[in-house]
Amino acid sequence: MNDQPERWSQATVHPDMWADPADDPRDDGASPEGELATLLNFLSGYRLTLRMKCEGLDPEQLARRSVPPSTMSLLGLIRHLAEVERDWITWITGEPLPKVYGRRDADFDEAVADQAVVDAAYADLEREQAAADAALARHPDLGERLPEDGIAVRELMVHRIEEYARHCGHADLLRECVDGRVGQ
């Protein structure tokens, strides 16, 4: 008896991909011009990848935990990234903000299988992404040093991309465990 889901992908052209290249919403065919546009393009792509890895799942599937003792779940990742976006606003402005979910680790610990929690998590993520993007847009010079630790805007942008990329890797494994879906 095998309790693991069968691996699958919706792609037909390249079966190791999430979606066929012609159907992939992350690729509009245009190549960004300049360093800032390139960084923003990568950030946008990873943000969309995370959403794609979560699409089509119900609250129970989104809240399903990885292997114990980890509390990681797809829903927890969404909530965690909302929290991280809030932290970046503090880095950008130098003004500390309260945590989105209150206590430490609540982003994962309180990621429960409830549609209201799922809806709130997506709304929180969108709000915090927009706020961080707006705060950073006031600093178009990639070499400018920001108040929090004197980090350069460029370094913050790369860190944001790295954070999403790392968690998209987690999302790959979490999604495969939920229903067997695989792909880039």
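Judged by distance alone, with hydrogens and angles left aside, the side-chain atoms of R79 form a donor-acceptor pair with the main-chain N or O of A106 at under 3.5 Å. In terms of modelled atom types and a separation under 3.5 Å, the side chain of R86 and the main chain of P98 share a donor-acceptor contact. Looking at R175, its side chain does come within 3.5 Å of a backbone N or O of K53 through a donor-acceptor pair. Side chain of E126 to main chain of A123: no donor-acceptor pair is present (N/O by atom type, distance under 3.5 Å, no hydrogens or angles). Judged by distance alone, the side chain of T38 and the main-chain N or O of G34 form a donor-acceptor pair under 3.5 Å. Panel note: side chain T49, backbone G45; a donor-acceptor pair is recorded below 3.5 Å. The backbone N or O of I151 lies less than 3.5 Å from no partner atom in the side chain of D149, so there is not a single donor-acceptor pair.
The pair E55-R51 fails the salt-bridge criterion, with no side-chain N (NZ, NE, NH1 or NH2) lying under 4.0 Å from an Asp/Glu carboxylate O. The pair D107-K99 fails the salt-bridge criterion, with no side-chain N (NZ, NE, NH1 or NH2) lying under 4.0 Å from an Asp/Glu carboxylate O. Classification of E83 and R104 as a salt-bridged pair fails, no side-chain N sitting under 4.0 Å from a carboxylate O. We find that E35 and R154 are joined by a salt bridge, their nearest charged nitrogen and carboxylate oxygen being less than 4.0 Å apart.
Across A152 and G143, no two heavy atoms sit closer than the pair CB-O, 4.3 Å. Here the closest heavy-atom approach between residue V100 and residue A82 is recorded as CG2-O, 4.0 Å.
Looking at heavy atoms from C-beta onward, T90 lies out of side-chain contact with E95 at the 4.5 angstrom threshold. Between D141 and V153 the shortest side-chain heavy-atom distance does not fall below 4.5 Å. Counting heavy atoms from C-beta outward, V118 and Q115 have side chains that approach closer than 4.5 Å. Using a 4.5 Å cut-off on side-chain heavy atoms (C-beta onward), W88 and E163 make contact. Side-chain contact between R138 and E144 is absent, with no heavy-atom pair separated by less than 4.5 Å. Within the 4.5 Å cutoff, the side chain of D109 has heavy atoms near those of the R103 side chain. In this structure, the side chains of D105 and T71 stay at 4.5 Å or more apart for every pair of heavy atoms. Inter-residue side-chain proximity for M157 and F42 is flagged as unmet; no heavy-atom pair is nearer than 4.5 Å.
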Derivation and outcome, side-chain contact (heavy atoms from CB on, under 4.5 Å), residues C54 and Y122
CA-CA 11 Å; C54 296; Y122 278 112; 3.2 Å; yes

Going through the distances and angles, do F108 and L77 end up as a side-chain contact (heavy atoms from CB on, under 4.5 Å)?
CA-CA 7 Å; F108 287 105; L77 287 176; 4.0 Å; yes

Step-by-step side-chain contact (heavy atoms from CB on, under 4.5 Å) determination, L74 to Q61:
CA-CA 8 Å; L74 289 165; Q61 291 170 313; over 6 Å; no

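D124 and Y101 are linked by a side-chain donor-acceptor pair at a separation below 3.5 angstrom, with hydrogens and angles left out of the test. Of the N and O atoms on the side chains of H80 and E85, not one donor lies less than 3.5 Å from an acceptor on the other residue. Side-chain contact check for D133 and Q129: no donor-acceptor pair (N or O, by modelled atom type) lies under 3.5 Å.
Taking hydrophobic clusters as Ile, Leu, Val, Met, Phe, Trp and Tyr residues chained together by side-chain heavy-atom distances below 4.5 Å, L125 shares a cluster with Y46. Taken together through direct or relayed side-chain contacts under 4.5 Å among Ile, Leu, Val, Met, Phe, Trp and Tyr, Y164 and M72 form part of one hydrophobic cluster. If you chain together hydrophobic residues whose side chains sit under 4.5 Å apart, V178 and V112 fall into the same group. L57 and L174 end up in the same hydrophobic cluster when Ile, Leu, Val, Met, Phe, Trp and Tyr side chains are linked at under 4.5 Å. At a threshold of 4.5 Å between side-chain heavy atoms, the hydrophobic network of Ile, Leu, Val, Met, Phe, Trp and Tyr places L43 and L136 in one connected group.
The aromatic rings of H167 and H170 lie tilted to each other, with the angle between the two planes from 30° to 60°.
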